[in-house]
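All figures in this text were calculated on a predicted structure; none of them were measured in a lab.
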Amino acid sequence: MAHNGYVKAIFPIHTPHDGDTIFTMATGEVETDITLLGSLATEVVEKSIINAIKNADSIGEIRSYKDIAHNQELLTM
């Protein structure tokens, strides 16, 4: 279910460049409903992807979201 976070945050999805692997770990210390846990995992994955995109730095010719957004803000001032 965590993989659904990819669908909510990445378009197009399932390309050769989007990863497609999620690793999880459980301690077994807390009992919970698996549907609830899966739903929360979907949200966590989605928010993690969005956070990573918004906070990444530009690398060489590849411009980051925050640099593009900053330049757009300067253009509207």
Compile the donor-acceptor pairs under 3.5 Å between side chains in residues 24-36 and protein atoms, sequence neighbours left out, one pair per line.
from	atom 1	to	atom 2	distance (Å)
Thr27	OG1	Glu29	N	3.3
Asp33	OD2	Thr35	N	3.2
Asp33	OD2	Leu36	N	2.9

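- Listed by chain and number, the residues in a side chain to side chain contact (heavy atoms under 4.5 Å, CB included) with Asn51 are Asn55 (sequence neighbours excluded).
- Remark: Ser58 pairs with Ser64, Asp67 by the side chain to side chain donor-acceptor pair (under 3.5 Å) rule, at least two apart or across chains.
- Judged as a side chain to side chain contact (heavy atoms under 4.5 Å, CB included), and not counting sequence neighbours, the contacts of Ala41 are Ala2.
- Residue Met1 belongs to no hydrophobic cluster, having no ILVMFWY side-chain heavy atom closer than 4.5 Å to its own.
- Listed by first and then second residue, the salt bridge (Lys or Arg N to Asp or Glu O under 4.0 Å) pairs involving residues 40-55 are Lys8-Glu43, Lys8-Glu46 (not counting sequence neighbours).
- Grouped with Val7 in one hydrophobic cluster are Tyr6, Ile10, Ile13, Ile22, Val45, Ile49, Ile53, Tyr65, the linkage being side-chain heavy-atom contacts under 4.5 Å among Ile, Leu, Val, Met, Phe, Trp and Tyr residues.
- Counting Ile, Leu, Val, Met, Phe, Trp and Tyr side chains that sit under 4.5 Å apart, directly or through other members, Ile68 stands alone, with no cluster partners.
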